[in-house]
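Below: one structure, written as structure tokens.
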Amino acid sequence: MRVPITPATTIPQLFMERVRSTPDAPAYRQYRDGEWHSLSWGETAREVTRWQAALRRENLPPGERVAICMRNRIEWVLFDQAALGLGLVVVPLFYNDRPDNMAWCLTDGGVRLLLLEDGALWPQLRAQVPTLQRMVYLNHTVDPDDRAVGLDKWLPHEGGTLEAGPSRAHDMATLVYTSGTTGRPKGVMLSHCNILSNAAAGLDSAPIVNASDRFLSFLPLSHMFERTVGYYLPMIIGAQVVYARGILELAEDMVSQQPTLLICVPRIFERIYAKVQDSLPQGSLKRRLFEKAVDIGWKRFNKQSSPWEDWLWPLLDRLVARKLRARMGGQIRLIIVGAAALAPPLSRTFIGLGLPILQGYGLTEFSPVISVNRLGDNDPVSVGRPLAGVEIKTLPDGELVVRGPEIMLGYWNNPAATEAIIDKEGWLHTGDVVRVKDGRIYITGRAKDIIVLNNGEKVPPSDVEQAILMDPVFEQVLVLGEGRNHLGLLTVSKAEDRTELCRRANEQLRNFPGFIRIHHLARIADPWTVENELLTPTLKPKRKKIEERYAKEIEDMYQPGNDCRPRKE
């Protein structure tokens, strides 16, 4: 049964109503001590009361900020619901962030209590965050400290009555520090109404989602995409959420847990695609069957297949497509992709093989979903139509602006930044350049993310990078060339031949205008990761930081005589 969401509903009220409606239904599941463990909604509520009892002892008044730095797990939910039910504001931190960046967010937010999964970080944070009165750690014993305590000692054995007030719907529920690709993160203030309006509108766009669904959660809960769509939305309908062990074990967890719904980012499909391509030798029967299955499956999706192709499809489905779907558990009914654009060749491949992928679009500042495709109304090149109740329009320069109940309260302690993104008429400026056709949104670029060569030619780097990544020899790429004669490429690749890499990159760009060609290339040995600070938590490259880290390599590859193209070009 779906919990009705009104403009006055708060997140704790949603949780309480879910527990009241279906106390014995499965709620959460995670791997611990060598096996999978599940909690019902009623059992989850009883655990939340223990956490509320512990938080009450800290004597924090409503509105105070409490932070959590932890991988996706049931304890994340328990802390979140306990804090929100007491009127506290939850500040999620990415679990692999740098300690100095975490310290900056904690200090800027005036955080009073921090829940850490790994207590080993505490010595690096202790002196930098004087506002903290308590640090609770799950793992790793820390040195004696009057502010630090282990979770086993902090939590009481028994709770009490579950609380769902004193917050009102328009009070701040969470302070989310954006993971942006440049500069210090800004604290996005989101209310209960912001988030639940977004989750409810998202459900209206995907009416097939119901209580029998099983979500597999692996994107960080510190990011609003996973938190709204993969946590609060399932709570509205009473669906179960399974917490994956991690990206490395994701393939195994999909097979064993058989999810019906995934919240994804394009990087996951890029990895699957690269592995599939590596397993298909050029010219082999397996590759020809794979390519034929994709071709016919894509035609069927677009209702352009011939009777002969429809007759052949069941065989190709059994030999090719069904095997790929089985590697993802075999029960997938819906995949929502966001946070970055899914390259058209990836859409064609995976949709052609029968995966129901809907691409969407949003911003943290919008809680976060702005638009999404729908089953039966899916144009994978677009990011779909706006959610119900969301207004959109384009400015003369093509920038998309949006308006609706999901717009943030503003940036924490930063009124100037708030005024710069939300105008006097209440429109949120996205910074994305789009075209709108038949009500669908097509992203064409970033207002500020365009490479301008010294001859004035403009290059959209993300489109070029997506095309190059279709060749599995490239693990990661970054296109460069601002103010220069020609484009350059930084790439993480196992292949070492610079000339061959350049040739293969340009082969992927054969359908682009002639000036969009790679002339200079530098190969990087070590991958860009969240841990080394070169990717955001949603696996997008931090362009400015990568350019700073490899400034010498960039200058070297642009030295005279270092054109990487084969001589015949």
Side-chain angles (χ1 to χ4, degrees), residues 3 8-25 27-28 30 37-70 72-93 106 109-117 131-138 147-169 171-175 190-192 195-196 221-222 227 231-232 234-236 238 241 243:
V3 173
T9 306
T10 65
I11 294 170
Q13 288 168 350
L14 162 64
F15 177 64
M16 185 172 282
E17 182 58 26
R18 170 49 54 209
V19 173
R20 188 196 66 79
S21 300
T22 56
D24 299 322
Y28 299 102
Q30 74 180 21
H37 297 265
S38 299
L39 284 181
S40 68
W41 291 104
E43 290 168 333
T44 303
R46 286 191 287 276
E47 288 299 306
V48 169
T49 65
R50 294 175 61 208
W51 289 72
Q52 286 188 332
L55 284 169
R56 280 193 212 96
R57 292 201 301 254
E58 300 295 338
N59 296 314
L60 299 173
E64 287 284 6
R65 276 75 60 206
V66 293
I68 179 169
C69 181
M70 189 174 279
N72 293 13
R73 55 191 304 150
I74 293 173
E75 288 84 355
W76 211 107
V77 174
L78 302 179
F79 179 85
D80 184 59
Q81 290 299 329
L84 293 175
L86 298 177
L88 301 171
V89 175
V90 175
V91 182
L93 301 176
L106 292 167
V111 171
R112 302 293 301 281
L113 182 145
L114 169 64
L115 174 63
L116 272 178
E117 178 171 342
T131 60
L132 276 177
Q133 72 178 43
R134 177 72 66 205
M135 189 283 292
V136 182
Y137 57 90
L138 181 61
R147 290 191 289 168
V149 62
L151 180 64
D152 55 342
K153 294 182 179 179
W154 185 70
L155 276 180
H157 293 295
E158 298 291 336
T161 302
L162 183 66
E163 291 192 39
S167 295
R168 294 168 297 180
D171 290 341
M172 179 167 52
T174 188
L175 180 60
L190 297 176
S191 70
H192 298 265
I195 298 167
L196 294 184
L221 277 166
S222 54
R227 192 167 166 195
Y231 167 21
Y232 297 132
M235 190 177 290
I236 295 175
V241 177
Y243 291 112

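All values below come from the heavy atoms of this structure, side chains included, with hydrogens, waters and symmetry mates left out.
Here the CG-OH distance, from Leu116 to Tyr137, works out to 11.0 Å after rounding to the nearest 0.5 Å. Interatomic distance, Arg57 CZ to Leu155 CG, rounded to the nearest 0.5 Å: 8.0 Å. Atom CE of Met172 is separated from atom CG of Leu190 by 9.5 Å, given to the nearest 0.5 angstrom. Residue Glu64 holds its CD atom at 4.5 Å from CZ of Arg112, rounded to the nearest 0.5 Å. Summarising the geometry, atom CG belonging to Leu151 is positioned 5.5 Å from atom CG belonging to Leu138; distances are rounded to the nearest 0.5 Å. Atoms CD1 and CG, from Ile74 and Leu39 in turn, are 4.5 Å apart once rounded to the nearest 0.5 Å.
Contact annotation: the side chain of Tyr243 never approaches that of Glu75 to less than 4.5 Å [non-hydrogen atoms, C-beta and beyond]. By the 4.5 Å heavy-atom criterion applied to side chains, Glu47 and Val77 are not counted as neighbours. Using a 4.5 Å heavy-atom threshold, the side chains of Val111 and Leu175 count as separate. Between Asn72 and Tyr231, the closest side-chain pair of non-hydrogen atoms is not below 4.5 Å. Put simply, the side chain of Pro92 does not reach to within 4.5 Å of the side chain of Leu221, judged on heavy atoms. Leu162 has its side chain within reach of Val48: a pair of non-hydrogen atoms, C-beta onward, lies under 4.5 Å apart. At least one side-chain heavy atom of Glu58 sits less than 4.5 Å from a side-chain heavy atom of Trp154. In this structure the side chain of Trp51 never reaches within 4.5 angstrom of the side chain of Val136, judged on heavy atoms.
For the residue pair Arg65 and Thr131, no side-chain donor N or O sits within less than 3.5 Å of a side-chain acceptor on the partner.
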Next item on the list: Please test Leu88 against Leu113 for side chain to side chain contact (heavy atoms under 4.5 Å, CB included), starting from the C-alpha separation and ending with a verdict.
Entry: CA-CA 11 Å; Leu88 301 171; Leu113 182 145; over 6 Å; no

Next item on the list: Begin with the C-alpha distance, continue with both residues' side-chain angles, and end with the deciding distance and a verdict on side chain to side chain contact (heavy atoms under 4.5 Å, CB included) for Arg227 and Trp76.
Entry: CA-CA 11 Å; Arg227 192 167 166 195; Trp76 211 107; 3.9 Å; yes

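Other residues, nucleotides and ligands place more than 12 heavy atoms under 6.0 Å from the CZ atom of Arg56.
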List, one per line, each side-chain donor-acceptor pair under 3.5 Å for residues 10-25, sequence neighbours excluded.
residue : atom : partner : partner atom : Å
Thr10   : OG1  : Gln13   : N            : 3.3
Thr10   : OG1  : Gln13   : OE1          : 3.4
Gln13   : OE1  : Thr10   : N            : 3.0
Glu17   : OE1  : Arg20   : NE           : 3.1
Glu17   : OE2  : Arg20   : NE           : 3.1
Glu17   : OE2  : Arg20   : NH2          : 2.5
Glu17   : OE2  : Ser21   : OG           : 3.2
Arg18   : NE   : Met235  : O            : 2.9
Arg18   : NH1  : Met1    : O            : 3.4
Arg18   : NH1  : Thr22   : OG1          : 3.0
Arg18   : NH2  : Met1    : O            : 2.4
Arg18   : NH2  : Ile236  : O            : 2.7
Ser21   : OG   : Glu17   : O            : 2.9
Thr22   : OG1  : Arg18   : O            : 3.3

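Note: Trp41 and Tyr28 have perpendicular aromatic rings, judged against thresholds of 30 and 60 degrees for the angle between ring planes.
Here the closest non-hydrogen pair linking Glu117 and Arg73 is OE2-NH1, 3.5 Å.
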